[in-house]
J.: 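One structure follows; several queries about it will come next.
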Amino acid sequence: HNDEIKDVSRFSGKFPSFEALLDGLNFVLKMKGIEVLNVKNKFRNPDVLGYADININAAFKLDDGTHHIFEIQLHLDAIIVAKEKVHVFYEDIRKCIPDIVGDGFTVDETNQIKAFVLGCLRNSAVDSAIDILLEKSGGVFLYTRLLEESFAQLAKKFPGIKIDFRSVEALPEGLREFYRTNMDRIFAEGTSNSFRIECFIFISLICAAQEPLTQAMVKQIMGKDAFERVKSKLSLLFPAGVGERINIVHKSLIDWLLRNKDNAVEDHLGIVEYFVSNTALKKANGELCSICQKV
């Protein structure tokens, strides 16, 4: 269908400067006999190798009343030259992927991996960063808000700084403080050591599990009285979910609690510094295994 296929007919224009390219864009926008449907300015979000252009979809009305949709690309000469030079990198990556993937995948799966990797290279770096942030936020507005504040403070402190993917993936300082502040409130001055231990048995079980645990399972391990004491105190960070399961306020909470699991730290510091040690994690896994074997 001519009104559904958008790039069977494609026209390209090359320009020596941004000023000339802008003149070309204005000429197309004012052109009689066509209807401009969409203008995509890829200069705002170049791909990771720097390629960008202006991409236009427009419609031309045919004699039978249907519309033929076509594509117009407006390029800078310098970027076309650069694109040809970096194309070799796309080809190198395309050829290397089967060797990197190995023999454990089918031809179709290998082709899917290849398409994904090359797609990431062709996509905007901004789009990739946004995908990371969306996945990490998990739908929690608090996380997104604190990310925004964290990057704003970084930009203010270091004007002109470029935010890389490592910065995007890092836990923002505000969220660490949010978790620590809530832990400080839970374990206010005067909190008994025995209650701290009960809470961290509960927290260790949550961290060890691969999915939300049922309250019944945790209660069986801890005992009813200890469970009820801990549950009410930790409800802000570990709310009871649908089906009587115990949820977490955000998945980054587990990352924060497990920040020292691979470090050689003294186990007893966990209940003071708010982290779950590797020893505590192994013990919790053992408790969960024992319960599962009884079911």
Side-chain angles (χ1 to χ4, degrees), residues 130-147 150 168-188 191 194-263 265 267 269-295:
I130 289 173
D131 288 342
I132 292 172
L133 296 181
L134 285 173
E135 182 179 355
K136 287 178 72 65
S137 71
V140 177
F141 177 77
L142 170 67
Y143 189 92
T144 309
R145 176 61 178 166
L146 288 173
L147 269 174
S150 178
V168 170
E169 292 183 318
L171 194 64
E173 192 64 34
L175 199 52
R176 291 192 188 99
E177 292 307 309
F178 170 76
Y179 294 143
R180 182 170 291 279
T181 298
N182 277 278
M183 287 293 193
D184 286 340
R185 289 172 182 167
I186 293 167
F187 303 111
T191 302
S194 60
F195 179 69
R196 285 176 177 267
I197 291 173
E198 287 177 346
C199 286
F200 269 82
I201 291 173
F202 177 97
I203 291 171
S204 297
L205 291 169
I206 302 301
C207 289
Q210 298 299 309
E211 60 181 30
L213 293 174
T214 63
Q215 295 186 47
M217 182 178 287
V218 179
K219 191 182 299 182
Q220 188 174 350
I221 294 171
M222 296 185 60
K224 181 179 178 181
D225 292 342
F227 173 78
E228 294 299 336
R229 284 194 296 270
V230 168
K231 175 190 170 185
S232 60
K233 277 287 188 178
L234 298 177
S235 60
L236 178 63
L237 297 178
F238 300 94
V242 178
E244 293 298 303
R245 291 184 178 272
I246 301 167
N247 292 326
I248 54 173
V249 67
H250 188 265
K251 57 188 178 182
S252 62
L253 172 59
I254 301 299
D255 296 334
W256 182 71
L257 289 167
L258 294 178
R259 64 192 182 278
N260 285 325
K261 73 178 180 69
D262 295 324
N263 300 329
V265 292
D267 295 333
L269 291 177
I271 62 175
V272 178
E273 295 296 328
Y274 313 135
F275 64 81
V276 176
S277 67
N278 191 41
T279 301
L281 202 61
K282 288 180 179 179
K283 185 176 180 181
N285 274 313
E287 297 279 7
L288 292 172
C289 286
S290 297
I291 289 295
C292 291
Q293 288 173 357
K294 294 176 183 179
V295 175

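All residue numbers refer to positions in the sequence shown, counting from 1. Side-chain atoms are counted along with the backbone in the values below, which use heavy atoms only and exclude waters and symmetry mates.
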J.: Could you state the interatomic distance from CD1 (I203) to CG (L253), rounded to the nearest 0.5 Å?
T.: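 Atom-to-atom, I203:CD1 and L253:CG are 8.0 Å apart.
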J.: Out of curiosity, E244 CD to I246 CD1, how far, rounded to the nearest 0.5 Å?
T.: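 So the gap between those two atoms works out to 9.5 Å.
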J.: If you apply the rule side chain to side chain contact (heavy atoms under 4.5 Å, CB included), what do you find for N260 with E273, and how did you get there?
T.: CA-CA 10 Å; N260 285 325; E273 295 296 328; 6.0 Å; no
J.: Roughly how far, to the nearest 0.5 Å, is the CD1 atom of I186 from the CZ atom of F195?
T.: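 Going from the CZ atom of F195 to the CD1 atom of I186 covers 8.0 Å.
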J.: Side chains of residues 229-238: which donor-acceptor pairs under 3.5 Å do they make with residues two or more places apart or in other chains?
T.:
| residue | atom | partner | partner atom | Å |
| --- | --- | --- | --- | --- |
| R229 | NE | E198 | OE1 | 3.3 |
| R229 | NH2 | E198 | OE1 | 3.4 |
| R229 | NH2 | E198 | OE2 | 2.6 |
| K231 | NZ | Q215 | OE1 | 3.0 |
| S232 | OG | R229 | O | 3.3 |
| S235 | OG | S232 | O | 3.1 |

J.: Not counting sequence neighbours, which residues clear side-chain hydrogen bond (donor to acceptor under 3.5 Å, both in side chains) with E287? List them please.
T.: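 With neighbours one apart ignored, the set is empty.
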J.: Indicate the ring-plane relationship of W256 and Y179, choosing parallel, tilted or perpendicular according to the 30° and 60° boundaries.
T.: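 If you compare the ring of W256 with that of Y179, the planes turn out tilted.
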J.: Under the rule for side-chain hydrogen bond (donor to acceptor under 3.5 Å, both in side chains), what residues qualify as partners of T181, not counting sequence neighbours?
T.: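 None.
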J.: From F227 CZ over to M217 CE, what is the distance, rounded to the nearest 0.5 angstrom?
T.: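 Going from the CZ atom of F227 to the CE atom of M217 covers 12.0 Å.
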J.: So, taking the atom named CG in L258 and the one named CG in N278, what distance separates them when rounded to the nearest 0.5 Å?
T.: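 Answer for the CG-CG pair, L258 versus N278, is 9.5 Å.
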J.: What's the separation between atom OG in S277 and atom CG in L257, rounded to the nearest 0.5 Å?
T.: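 One gets 11.5 Å once the value is rounded to the nearest 0.5 Å.
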J.: Would you mind telling me which of I248, N285, I254 makes a side chain to side chain contact (heavy atoms under 4.5 Å, CB included) with C207?
T.: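 For C207, the side chain to side chain contact (heavy atoms under 4.5 Å, CB included) test succeeds with only one of I248, N285, I254, which is I254.
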J.: Which pair of heavy atoms, one from L281 and one from S204, lies closest together, and at what distance?
T.: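 Closest heavy-atom pair between L281 and S204: CD1-O, 4.3 Å.
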J.: For K283, does the NZ atom sit with more than 12 other heavy atoms under 6.0 Å from it, leaving out its own atoms?
T.: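 Count not over threshold, so no.
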